[in-house]
There are 2 protein chains.
Amino acid sequence: MTPGSASPAPDAPARRGAYAKGVAKREEILARSLEVIARSGYRGASVKELAEAAGLSQAGLLHYFGSKEELFTAILRKRDEVDSRSFGLDPEHPVVDDVRGGYVGIVQHNAEVPGLVQLFAQLSVDAADPEHPAHRFFLERNRLLREAFGASLARRQAEGRVTDRVGPDTLARLFQAVADGLQVQWMLEPDLDMAAIVGALFDLVERD
Amino acid sequence: MTPGSASPAPDAPARRGAYAKGVAKREEILARSLEVIARSGYRGASVKELAEAAGLSQAGLLHYFGSKEELFTAILRKRDEVDSRSFGLDPEHPVVDDVRGGYVGIVQHNAEVPGLVQLFAQLSVDAADPEHPAHRFFLERNRLLREAFGASLARRQAEGRVTDRVGPDTLARLFQAVADGLQVQWMLEPDLDMAAIVGALFDLVERD
DNA sequence: GTCTATACTCGGATAGAC
DNA sequence: GTCTATCCGAGTATAGAC
């Protein structure tokens, strides 16, 4: 994922009783899918592939997610949810003290899950179509991330620790663009040290 | 395209005599394809679609380009060639005086050809596969662009007009990542002012 | 809820006539 | 060099049995 985590529309019905099992299965499917993609990579992974990984037939899986696109959108959403927890970058509970460390940490983490990076990049492109199920997801997600990060930056600008040559919103946008763009370049050149470049951007904006 | 233009492996045999017509037709196909994509957008444009635009059948077109992927790679190459000329950003003849203006200009230009931006983004992702015909193209292209831009930056650093907090190579990489990342975000949010964000990055690195 | 089987669509590739 | 025709594969989606 792009640094920072957000889970717009957590989509967890968490219904009691009758639906409980179904929900659990859904979760399991997503968890497995994440594993498979993270490890084996996303080579235009087919629904069938992921179904098998979850011990289901293709049709069985599509019972839970209406279509391929919705499945993949759900996978990305799940990923954000997971990363959000493990990195404590939940927009509601930001680790205020070390934005830089957190951001760089996620970038480094991403370099260990090439398949997810690829899935993310692919879906980002597909989601340009307003009809794509992931369209709103990306819109919302990006906005949340920028808002959270922008708020941190504004705070640090007020403290005089970050340059105020550029406003916090634009700075946040800049960081987001760098993270997204680096991923694309990194897919092409896996040797690229994404964290170093992001670090350089911090060097540019941090004072002293 | 990402700001800056480069045409690695210009692939112009420009053979005389027998091949002349074939080459011309090839060029025409590319020119038409560019028009169509730039205007009507790249909705996973099919070979057939482009063939018709060039007044050819699908099979007829594939006579010139072996496969879909090679066709699209050639289109991108052609685009760089065209932009390279009209923006005078040819790495061999850089317009040294106004790097910022040139860079921002291209970004603005891109905002007028959404289809090409989309094609570029899509192919960037596909080309992650080392087997993809565009793989080398992107590698080479990106490198050339960074080298040219990095050289400009180094010069300006020496003059004290650009911060030397970060080395020129890393700075060039940063600009490239921003341009790529912004395109993805712009596809999602066409209202985004890409030029403004790029301008902000210049503000961050330029002194005084 | 899950499977098997199938249908259908899309698009790229290829053969062969002209 | 260009077309028509065909083929073929991939992959999603759906119908219907269990």
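A, B, ... follow the sequence lines: proteins, then strands. Residue 1 opens every chain.
- Regarding contacts with the backbone of dG11(C), every side-chain N or O of Lys48(B) stays at 4.0 angstrom or more from both OP1 and OP2.
- Phe65(B) places its CZ atom 13 Å from the P atom of dG1(D), with the value rounded to the nearest Å.
- Among the nucleotides dA5(C), dG1(C), dA13(D), the one closest to any side-chain atom of Ala59(A) is dA5(C).
- Between Asp169(B) and Arg146(B) there is no salt bridge, since no side-chain nitrogen of the basic residue lies less than 4.0 Å from a carboxylate oxygen of the acidic one.
- If you find the closest nucleotide of DNA chain C to Gln58(A) and to Ser46(B), the one lying nearer the 5' end belongs to Gln58(A).
- What separates CD of Gln122(A) from C1' of dG11(D) is a distance of 15 Å, to the nearest Å.
- Checked by atom type and distance alone, the side chain of Arg100(B) never pairs as donor or acceptor with a backbone atom of Phe202(B) at under 3.5 Å.
- Per the geometry, NZ belonging to Lys68(B) stands 13 Å off C1' belonging to dA10(D), to the nearest Å.
- Proximity note for Ser57(A) (side chain, C-beta onward) versus dT4(C), dA13(D), dG12(C): the nearest is dT4(C).
- Salt bridge present: Glu189(A) and Arg173(B) bring a charged side-chain N and a carboxylate O closer than 4.0 Å.
- Protein atom CG of Leu62(A) is 14 Å distant from nucleotide atom P of dG11(D), rounded to whole Å.
- For Lys25(B), the NZ atom is densely surrounded, since the number of other residues' heavy atoms within 6.0 Å is greater than 12.
- If you take CG of Leu56(A) and P of dA13(D), they are 16 Å apart, rounded to a whole angstrom.
- Atom CD in Glu49(B) sits roughly 10 Å away from atom P in dG12(C) (whole-Å rounding).
- Atoms CD (Glu52(A)) and P (dC3(C)) sit 11 Å apart, rounded to a whole Å.
- Distance, Phe72(B) CZ to dG12(C) C1': 11 Å, rounded to whole Å.
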